[in-house]
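Throughout, residue positions are numbered sequentially from 1 according to the sequence presented.
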Amino acid sequence: MSTYTPPVKDASFVLDQLVGLDQLCETLQLDEVNTELATVIIEEAGKLASDVLAPLNRVGDEKGATVADGQVQETAGFADAYQQFVENGWATLTGPEAFGGQNLPNVIGTAVNELWHSSNMSFALCPMLSQGAVEALIAHGSDELKAHYLPPLISGEWTGTMNLTEPNAGSDLAAVAAKATPAGDHYKINGQKIFITWGDHQMTSNIVHLVLARLPDAPAGVKGISLFIVPKYLLDDQGQPAELNDVSCISLEHKMGIHGSPTCVMSFGDNDGAIGYLVGEENKGLSYMFTMMNHARQAVGLQGLSISERAYQQALEYSQERTQGSRKDGSKIAIIEHPDVRRMLMAMKAGNEAMRALAYRAAADIDHAHQGDPAAHARVDLYTPIVKGWMTELAQELTSLNIQVLGGMGFIEETGAAQHYRDARILPIYEGTTGIQAFDLIGRKTVYDKGAALKALHADINDTLTQLSASYSPQLALLHSKLKTALTHATAAGEWILENSASTPHTLGNVSFDNLMMMGYLTGGWLLAQSALLASQLTTQDNPYGDAFLQGKIATACFYAEYFLPRVSQHADTVLTGLSSTFALTTEQMQGA
């Protein structure tokens, strides 16, 4: 099993140069927070990630959680690791000070979360869901619910979950059948939920379930769903966990990957009904839950980066140790010197750096949006499906390349390469499949606002092109040429979508996936071009990164431009066809009849 080294230098570069963290902190009136502090935080988080969490990654894969008598027992070692996580204050990073948080910017939390997911994604899913529950309660909970539940959730003393999916209600939440019956100052919840990540465990004294359910007189469809807090343990008069609620895990899913993360079938109300408390107003639960879901979608996109980074580090380490062939003098040749291995390593490195740039920029725009910046809010809306969809799809390719670099050893479970690939495979599925993200991007985020956010992004890319055109560097000239071509094709595809969206009932669905992937590769290429431009402007005297690092940033951006940016044109050409052939065959013909 390979070791894990936190990518501190690249994270610091992206935060400082590409995000402009110091300026962001000034805007947020966080006088004592800056890039220097963020780098220290990442370094310290890296110690827990590499020394404690990473060694448990293989353990969780081999010996996942178990369930007995409705109670889940997490993987051995996870509870101690979680205790260290909490005691060191990592759960509190971005929480509001009023409820015990450190009030750091979301983008710093994102940089730290990358490390947790790289080192042990199964473990990191637990605090990730808690952070989403915190976001939902901050936005929609009553003062009383906030007072009772936010402090222990933010501290990590308790954990949170998201309960949407049911056996007959997957992505179609209009089919949610769980029932909520008024009972005085609370509600009785009855129903079953499936695929509940970290739905039960023994690491904390309580688990706070956010549950979608219907009231007796609720309207049909998504407009009749309400959101409830259903704690595992009911609280006593002092606000402490006391009586066990009518909630239990009746089974665990046997999954392809993330074995250390218990994926539960949860039953609410097998006896007298689970006691729950309404969040916000009746019948507005879906919109409230989307606060949690949008947080989770960016977090899952980040997982695509995290698992790809872990895979890249393994491939890089192995390629330097494994020899194949000899020189004339008899010395062995490390496979990192083989051209095709170098191609695969560069694809992984360039893809990771593009994803990191996008994930951090999108996270920083959430910070700006919280300040009431409407342009930032529009960028967050546009970025979120790209972060979730494109980054998780790219992770499939990059983690597969790791197996290829390791060759036969990559296909052997003991090396851990297969685990990275298996763990990554869930990412394009949960929190909304790639198809859902693609239709969200092309429909609600492009056609709905008549392309306003899309055109603003294109304008930002054009600004970068203008800066690149002023340089005499051959490398920056290459970036200008490749990015300009990509933008030209993407602009044509975007215009076609806006012009033809209403022409046929299937047009948007036909081309939505290719549009999503096109936008991902374009945005990644733009941000790497910006990174290269910024790196070229730093001199030996005024940069803390070193000349070799800066030259590497530029070279990596050029590789991306030559290897990945042409995919923008390929996907754009597919969009421009409208893919009418998608519906050319009947179902019988597709079956070969």
Side-chain angles (χ1 to χ4, degrees), residues 53 56-79 81-82 116-117 120-133 159-171 173 176 178 191-204 207-212 230 232 247-268 270 289 292-293 295-297 299-304 306-307 388 392 395-396 418-434 436:
L53 300 183
L56 289 169
N57 193 42
R58 183 67 177 167
V59 177
D61 188 57
E62 294 178 330
K63 299 176 182 178
T66 57
V67 62
D69 300 324
Q71 301 287 308
V72 172
Q73 182 60 56
E74 68 280 349
T75 295
F78 274 34
Y82 186 81
W116 309 143
H117 290 292
N120 192 327
M121 195 171 81
S122 288
F123 175 93
L125 278 163
C126 186
M128 185 194 95
L129 269 296
S130 297
Q131 290 169 358
T159 60
T161 72
M162 178 167 56
N163 290 252
L164 292 78
T165 309
E166 299 179 3
N168 295 311
S171 299
L173 294 177
V176 164
Q192 189 179 102
K193 300 288 183 176
I194 62 173
F195 302 153
I196 308 306
T197 301
W198 281 96
D200 193 53
H201 57 84
Q202 310 307 313
M203 300 193 301
T204 60
I207 300 172
V208 181
H209 302 289
L210 269 65
V211 182
L212 290 182
V230 184
K232 177 179 179 179
V247 180
S248 63
C249 171
I250 58 177
S251 67
L252 291 177
E253 304 294 353
H254 298 281
K255 309 185 296 289
M256 177 181 181
I258 54 170
H259 297 152
S261 169
T263 301
C264 303
V265 177
M266 299 297 298
S267 183
F268 297 86
D270 285 345
M289 187 62 89
M292 192 174 187
M293 287 176 64
H295 175 278
R297 285 174 174 179
V300 171
L302 182 71
Q303 289 178 320
S306 296
I307 202 71
K388 202 286 180 183
T392 60
Q396 308 308 302
Q419 181 191 348
H420 300 324
Y421 187 53
R422 288 186 284 102
D423 286 355
R425 192 58 191 88
I426 186 58
L427 303 181
I429 299 173
Y430 64 12
E431 306 306 337
T433 63
T434 303
I436 290 173

What is the minimum heavy-atom distance between Pro262 and Ala65, and which atoms define it?
CB-CB, 3.8 Å
Other residues, nucleotides, ligands: >12 heavy atoms within 6.0 Å of Asn168 CG
no
Minimal non-hydrogen separation, Gly432 against Arg297, with atom names:
CA-NH2, 4.1 Å
Verdict with supporting geometry, Tyr82 and His201, ring-ring contact (aromatic ring centres under 6.0 Å, His included):
CA-CA 12 Å; Tyr82 186 81; His201 57 84; 7.0 Å; no
Heavy-atom side-chain proximity of Ser267 to Val265 below 4.5 angstrom
no
So, does Lys193 use its side chain to make a donor-acceptor pair with the main chain of Leu164 at under 3.5 Å?
yes
How close do Gln192 and Pro167 get, counting heavy atoms only, and between which atoms?
OE1-CG, 3.5 Å
Is a donor on one side and an acceptor on the other found under 3.5 Å between the side chain of Thr161 and the backbone of Gly199?
no
Testing Val176, Ile196, Leu210 one by one against Asn163 for a side chain to side chain contact (heavy atoms under 4.5 Å, CB included), which residue passes?
Ile196
Using a 4.5 Å cut-off on heavy atoms from C-beta on, say whether the side chain of Thr159 contacts that of Met203.
no
Look only at the side chain of Gln419 and the backbone of Asn57, and say whether a donor-acceptor pair between them is shorter than 3.5 Å.
yes
Looking at Ala81 and Leu53, what are the two nearest heavy atoms and their distance?
CB-CD2, 3.9 Å
What distance separates Lys388 NZ from Glu431 CD, expressed to the nearest 0.5 Å?
7.5 Å
Using the rule given for side-chain contact (heavy atoms from CB on, under 4.5 Å), can you reason through His117 versus Ile307, listing the C-alpha separation, both sets of side-chain angles and the distance that settles it, and then say yes or no?
CA-CA 7 Å; His117 290 292; Ile307 202 71; over 6 Å; no
Check whether any side-chain N or O of Gln202 sits under 3.5 Å from a backbone N or O of Val72 as a donor-acceptor pair, and report yes or no.
yes
Check the pair Leu252, Cys264 against side-chain contact (heavy atoms from CB on, under 4.5 Å), reporting the backbone distance first and the verdict last.
CA-CA 5 Å; Leu252 291 177; Cys264 303; 3.6 Å; yes
Determine, step by step, whether Val211 and Phe268 satisfy the side-chain contact (heavy atoms from CB on, under 4.5 Å) criterion, reporting the C-alpha distance in whole Å, the side-chain angles of both residues, the deciding distance to 0.1 Å, and the verdict.
CA-CA 10 Å; Val211 182; Phe268 297 86; 3.8 Å; yes
Return the minimal non-hydrogen interatomic distance between Gln396 and Thr392, and the atom names on each side.
NE2-O, 3.0 Å
Considering only heavy atoms from C-beta outward, does the side chain of Met121 approach that of Met128 to under 4.5 Å?
no
Nearest-0.5 Å distance that lies between atom CD1 in Ile429 and atom CZ in Phe195:
9.5 Å
Specify whether Phe78 and Phe123 have parallel, tilted or perpendicular ring planes, treating 30° as the upper limit for parallel and 60° as the lower limit for perpendicular.
perpendicular
Heavy-atom closest pair (Ser261 atom, Lys255 atom, distance to 0.1 Å) is O-NZ, 2.7 Å
Whether Ser130 side chain and Gly160 backbone form a donor-acceptor pair below 3.5 Å
yes
Can you confirm whether Met162 sits close enough to Thr197 that some side-chain heavy atom of one is under 4.5 Å from a side-chain heavy atom of the other?
no
Given Leu125 and Ile258, is the side-chain contact (heavy atoms from CB on, under 4.5 Å) satisfied, shown in steps?
CA-CA 9 Å; Leu125 278 163; Ile258 54 170; 4.0 Å; yes
Kindly indicate whether the side chain of Gln71, heavy atoms from C-beta on, has any atom under 4.5 Å from the side chain of Asp200.
yes
Test item: Trp198 and Leu129 side chains (from C-beta on) under 4.5 Å apart, heavy atoms
no
